[in-house]
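All remarks here apply to the structure that follows.
All residue numbers in this chain count up from 1 along the given sequence. Nothing here was measured: the structure is a model prediction, and the numbers come from that model.
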Amino acid sequence: IPASNCTDCGSKPKYDATKSSSYVANGTAFNIRYGSGPVSGFVSQDDVTVGGLTVKNQLFAEVTDVAGLGLAFSVGKFD
């Protein structure tokens, strides 16, 4: 998930932990190399709701750097 401080994420929606009352900092760094390039960031924990179903204390990756994916990611209409 693009973090609020994501570089090169363009206008993609971003996760803002300051707007959540259930956010818990984890902070574990991660780096993932996709076929299109690398991304990096840190792990966070929060309650996540999709389609009316809530998962409490879900761990997820907040992406802060997508520079390795190039311009196509920041301007493209895909995640």
Side-chain angles (χ1 to χ4, degrees):
I1 298 173
S4 60
N5 64 340
C6 180
T7 58
D8 300 318
C9 281
S11 62
K12 297 205 182 306
K14 297 171 184 74
Y15 173 77
D16 184 352
T18 65
K19 294 181 179 178
S20 173
S21 61
S22 55
Y23 169 76
V24 177
N26 176 296
T28 302
F30 78 89
N31 295 289
I32 299 173
R33 177 168 295 280
Y34 294 106
S36 53
V39 300
S40 62
F42 56 93
V43 176
S44 291
Q45 178 180 312
D46 204 344
D47 295 348
V48 176
T49 302
V50 177
L53 176 66
T54 300
V55 177
K56 293 195 173 286
N57 304 315
Q58 177 66 52
L59 294 175
F60 59 93
E62 284 196 63
V63 178
T64 56
D65 185 1
V66 296
L69 296 179
L71 184 62
F73 177 80
S74 61
V75 298
K77 296 192 185 298
F78 55 87
D79 293 329

Original post:
If you look at every heavy atom in N26 and V43, which pair is closest and at what distance?
Top reply: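 Scanning both residues completely, I find the closest heavy atoms to be CB-O, 3.2 Å.
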Subject >> Whether over 12 other heavy atoms sit under 6.0 Å from Y34 OH >> reply: no
**OP:** Please name the residue in the list N31, D8, V63, D65 that meets the side chain to side chain contact (heavy atoms under 4.5 Å, CB included) test with V39.
**Re:** V63
Subject >> Spacing of E62 atom CD and S4 atom OG [to the nearest 0.5 Å] >> reply: 6.5 Å
Original post:
Out of curiosity, S21 OG to D47 CG, how far, rounded to the nearest 0.5 Å?
Top reply: 8.0 Å
Subject >> Side-chain (K14) to main-chain (K12) donor-acceptor, under 3.5 angstrom >> reply: yes
**OP:** List the steps, then state whether side-chain hydrogen bond (donor to acceptor under 3.5 Å, both in side chains) holds for N57 with Q45.
**Re:** CA-CA 6 Å; N57 304 315; Q45 178 180 312; 3.3 Å; yes
Subject >> Verify same cluster id: V24, F60 (apolar side-chain graph, 4.5 Å) >> reply: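 In one cluster: no.
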Original post:
Would F30 end up clustered with V66 when hydrophobic side chains under 4.5 Å apart are linked, directly or stepwise?
Top reply: yes
Subject >> Side-chain H-bond candidate by donor/acceptor type, S20 with D46, under 3.5 Å >> reply: yes
Original post:
For the residue pair Y15 and Y23, does the interplanar ring angle fall in the parallel (under 30°), tilted (30 to 60°) or perpendicular (over 60°) class?
Top reply: tilted
